[in-house]
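The structure under discussion appears below in the form of structure tokens.
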Amino acid sequence: MDFRKRSRKSVQVEEKEREFKRRASSGDEEMLKDQREKEELEQRLRERDAARTRKLAEPKAIQRKSNAAEENKDIRALREVSRQKYLKKREEQKLQELRDDIEDEHYLFEGVKRSDVEYRDFMHKKDIYNVLAKKELENGGHEYRIPEAYDDQQAGVNQEKRFSVARQRYNDPNAEKEEAWEEHQIRKATLKFGSKDKRQVCDDYQFVFEDQIDLIKASVMDGVKFDYEKEVALEKSRAKRSALDAIREERKKLPVYAVRDKFLQAVHDHQVLVIVGETGSGKTTQIPQYLHEAGYTKHGKMIACTQPRRVAAMSVAARVSQEMGVKLGHEVGYSIRFEDCTSKKTIVKYMTDGMLLREFLAQPELDSYSVVMVDEAHERTLSTDILFGLLKDVARARPDLKLLISSATLDAEKFINFFDHAQKFEIPGRPYPVEIHFTEKAEANYFDAAIVTTLQIHTTQPPGDILLFLTGQEEIETAEEHLKLRVGALGTKIAELIICPIYANLPTEIQAKIFEPTPKGARKVVLATNIAETSLTIDGIKYVIDPGFCKMKSYNPRTGMESLLVTPISKASAMQRAGRSGRTGPGKCFRLYTSYSFQNDMEDNTTPEIQRTNLANVVLTLISLGIEIEKLFQFEFMDPPPLDALKNAVELLCNLGALNGHVKLTKVGRRMAEFPLDPMLSKMIIASEKYKCSDEIISIAAMLSVGGSIFYSPKNKKVHADNARMNFHTGNVGDHIAHLNVYNSWKESNYSRQWCYENYIQVRSMKRAKDIRDQLVGLLERIEIELTSNSNDLDAIKKSITSGFFPNTAKLQKYGTYQMVKRLQTGHIHPSSGLAEVFPRLVLYHELVLTTKEYLRQVTEIKPEWLLEIAPNFYNPKDVEDLSSKKMPRGSGLAGKSAGAGTS
DNA sequence: GAGCACTGC
């Protein structure tokens, strides 16, 4: 390729672009056309280049498949995409302005009575914002696609989104080439390997695997018979009707409609109702509407419905507002973190469970609600569990409050027993039957078994996509490699197998791939973590392979250490996984364990989160709700957490100064409770007032609370990614300061997406960090801490951090291991840390987690005298004397290096 | 020289 020509062309393009911008800003209508033409031209060129490269990379068999008509369609779609680009950019600007406006006004209006005009204006802006935000989501997509059940109405738009994401890579000629080249290399390698014994494999042993696994059909989960023709007929008649009629009909078709009157009677007669019904019965969307129709919203009171996830709250609210024919945010609204889409008019409010918990702080009796519905209660999130206890109490105090707990079948009895006068209410119906298979004998290696089963399904079963559950990113990557190799070895005699990995840390652009429709004649296999169990739904899955494991975080209250280990799943989890195959038609589930171990070895339910987590935050919330310490230990949990966990939490809060000697909430504690963060982070922020560096500290707090998914290192570019990461660690400043550096550099780049790509940083995580940081700025104001910057004094920043995290310290021992200063526990600095090879003598860590070893994650070097200065009641001079007595050259990490030199 | 499952405020 002639690079000089290319570059000259790009100069021309740039010039044109500049001119365009100039003219566009003066509102030239013609420019639009001009721009369109220009982009189309560019697009065609790119497309041509890409097609050439693709042709090089593709084996003949696949080339044959793509026909001219398909390509034309592609080009048309691509043109459309580029035409939209300009408009999108302007919309994005507008969106940002609106967002700022709305945010300003939010704070402005808080606690102030709004005049009607102001209010209307505000709501109007908000409406526009919501529409734009939704568009942004569809175009760029930094959220998961909304599960299929609630976006029928916009099916067309979503198709657009699917294609636009899929084609994004075509807009970046380099990425396309690189990818194609890689594919080419891989295929070259596999084809060579395959062709050597291709004949043998294809002709003699075609679909016979040495390690064949015998699966036996054990049972069929009951369900209605699937009548294909009836479905098609229904589909056709549905299309004919007008949209509103369709919605009305749709509502009547839901299983819950059949029991509407019976349900309303039951609500009337009982205060607490446990609703049992499978997903898809329509309870989430219909029940609040029925209640509204029956007059439960009359006296200005609202119906609340909690969801465990943000997307669910948003999409359900959108759907219901559509069904009721009102604007989203008016009568029907939702409330999630960073976004309150409700108004004075709102009577049906969908919200995340954590949000309702926050509302308890403001109104402990929930006076503004007449009905509270806790949806998906069987998921037993931390927030729902606390809500149960609180709601049970409120229900006693307020006989007029109706409580609805909705759950899947398995543990309904438990809910009924917990709310003593609860009445059970069942909604019949389950979408499609699922055939369940177990292995005949126990499999020694679930991973290999999973690979073989996948291939077995692919070669022997009728069309339909496969969903395979694995435990983590690494396992998914290896599985992808193995599958590619083995499919390659089988040659062209079998249908194409498209492999789609999905896990939460995967960049959104790649995640979108799983939602692309499977081409005819091919089969898709989705390799997923637990994310596919509840959080997202993939259309077209017919087969589920369940090896029976997942990674689970748990907290050991004895040692106070967290762990993240591969654990067998529960029966409930297994049922949930199986159910993923029966969403759009009858399905099959292959379990890679025996029916015996399902019956005898597996727990009925997954241990609820409240029993396997650090409770510091929970305890602080409960105490700030006014629950006395004695009552705290008698608090009615459905499954009480271990006593030690509660004790540890109280102890930590005392050490942090949130509770005083009488275990009463202090002023510091009250301020800490304002923050939606772990108490140690909250304390760190409050301490930053003293060190005049609150600006830096909230950036660090935001970055830390995003979690560890900031850096992204793809397997094939590990070296580059590692180098990029180490740039932020210059001077061995420690991981906390490194996080600050990342945030600040990103800010300097004007929050650029490109900058993130160049530095192997996840855009999504950074955006989230910014959201959190913005929220923290608002909260600082509320508790009257000034926003001050002190960026040159790293010691001041580190001292603030120490004020929150002083219990988490460790000192260097021989062989590079670390001994916790105040605990009988050793650990290692995590290799991803910037200090992993520096070995400072005394470090402060953000968390200690057991995985393959005990690892300290996010560490920073601190000075021993700080501990005595900041936490004199926690540390004795004895604890750190050996650190300050030894005369060793300090600074620049060299001291540490020599100390740890003998380890490797 | 290892890996952060997944949510939520």
Side-chain angles (χ1 to χ4, degrees), chain A residues 144 306-313 335-340 351-361 376 379-387 469-478 502-506 528-536 549-554 562-567 569 573 576 606 608-609 612-613 617-618 620-621 673-679 681-682 702 704-715 718 721-722 762 765 768 771-772 775-776 779 816 828-833 836-837 846-847 849-858 903-904:
Chain A
Y144 299 129
T306 72
Q307 295 291 320
R309 277 169 295 279
R310 295 161 50 92
V311 236
S335 169
I336 56 178
R337 190 185 186 182
F338 309 128
E339 213 183 323
D340 180 10
M351 62 215 297
T352 44
D353 44 15
M355 211 61 196
L356 185 62
L357 198 55
R358 282 268 141 187
E359 283 197 4
F360 258 101
L361 289 171
E376 315 283 347
E379 283 192 33
R380 304 292 305 275
T381 66
L382 191 56
S383 303
T384 25
D385 264 23
I386 303 162
L387 279 177
F469 283 99
L470 293 168
T471 62
Q473 179 179 344
E474 210 179 357
E475 212 172 84
I476 287 175
E477 279 169 0
T478 347
I502 177 100
Y503 43 87
N505 275 351
L506 197 71
T529 58
N530 253 3
I531 193 171
E533 201 175 294
T534 50
S535 305
L536 59 87
F549 291 94
C550 72
K551 264 191 201 171
M552 200 161 55
K553 196 165 190 169
S554 46
E562 290 183 314
S563 59
L564 185 73
L565 300 169
V566 174
T567 327
I569 60 169
S573 220
Q576 176 75 20
T606 314
E609 197 182 353
R612 48 183 176 87
T613 188
N617 205 8
V618 174
L620 183 61
T621 311
E674 289 287 326
F675 290 99
L677 299 171
D678 274 346
L681 286 169
S682 313
L704 286 174
S705 60
V706 166
S709 48
I710 307 263
F711 299 101
Y712 173 63
S713 84
K715 244 184 175 176
K718 221 170 78 62
D722 279 2
Q762 301 241 34
S765 306
R768 207 177 135 66
D771 280 342
I772 297 175
Q775 190 187 30
L776 293 180
L779 291 170
H828 303 78
I829 295 185
H830 195 276
S832 67
S833 163
E837 283 153 18
H846 182 236
E847 55 181 355
V849 181
L850 170 74
T851 50
T852 48
K853 266 191 204 168
E854 295 87 355
Y855 281 110
L856 313 178
R857 293 208 283 234
Q858 323 298 4
T903 59
S904 58

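Within every chain, numbering begins at 1; the chains are lettered A, B, ... in the order of the sequence lines, protein sequences first and strands thereafter.
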Touch class at under 4.0 angstrom, heavy-atom based, for [X] against every strand present:
| X | value |
| --- | --- |
| A:Ser705 | nothing |
| A:Met355 | sugar-phosphate |
| A:Arg309 | sugar-phosphate |
| A:Thr352 | sugar-phosphate |
| A:Phe675 | nothing |

Checklist entry - Does one side chain, of A:Glu475 or A:Thr471, offer a donor that lies under 3.5 Å from an acceptor on the other? => result yes
Between [N] ([atom2]) and [X] ([atom1]): distance, integer Å:
| X | N | atom1 | atom2 | result |
| --- | --- | --- | --- | --- |
| A:Gln858 | B:dA2 | CD | C1' | 14 Å |
| A:Asn505 | B:dT7 | CG | C1' | 13 Å |
| A:Asp678 | B:dT7 | CG | P | 17 Å |
| A:Glu474 | B:dG1 | CD | P | 16 Å |
| A:Arg768 | B:dC4 | CZ | P | 19 Å |
| A:Leu704 | B:dC9 | CG | P | 19 Å |
| A:Ile336 | B:dG8 | CD1 | P | 9 Å |
| A:Lys553 | B:dG8 | NZ | P | 15 Å |

Between [options], spot the one nearest the side chain of [X], thanks.
| X | options | result |
| --- | --- | --- |
| A:Ser535 | B:dA2, B:dC6, B:dA5 | B:dC6 |
| A:Leu564 | B:dA5, B:dC9, B:dA2 | B:dA5 |
| A:Ile531 | B:dC6, B:dC9, B:dA2 | B:dC6 |
| A:Thr529 | B:dG1, B:dC9, B:dC6 | B:dC6 |
| A:Ala504 | B:dT7, B:dC9, B:dC4 | B:dT7 |
| A:Thr851 | B:dA2, B:dC4, B:dC9 | B:dC4 |
| A:Glu609 | B:dC4, B:dT7, B:dG8 | B:dT7 |

Checklist entry - Got a sec, which residues hit salt bridge (Lys or Arg N to Asp or Glu O under 4.0 Å) with A:Glu376, two or more places apart in sequence or on another chain? => result none
Checklist entry - Can you list the residues that meet the salt bridge (Lys or Arg N to Asp or Glu O under 4.0 Å) rule with A:Glu379, with sequence neighbours excluded? => result A:Arg309
Checklist entry - Taking A:Arg612 for the side chain and A:Lys553 for the main chain, is one N or O donor matched with an acceptor at less than 3.5 Å? => result yes
Checklist entry - So which one's nearest nucleotide on DNA chain B is more toward 5', A:Thr471 or A:Leu382? => result A:Thr471
Checklist outcome for this item: Taking for A:Gly354 and for A:Lys551 the nucleotide of DNA chain B with the nearest heavy atom, the one nearer the 5' end belongs to A:Lys551
Checklist entry - Taking side chain as C-beta onward, heavy atoms only, is A:Phe360 less than 4.5 Å from A:Thr621? => result no
Next on the checklist: So A:Arg337 and A:Ile772, do their side chains get closer than 4.5 Å, heavy atoms only?
Outcome noted: yes
Checklist entry - Between A:Arg857 and B:dC4, does any side-chain N or O lie under 4.0 Å from OP1 or OP2? => result yes
Next on the checklist: OP1 or OP2 of B:dC4 versus the side-chain N and O atoms of A:His830: is any pair under 4.0 Å?
Outcome noted: yes
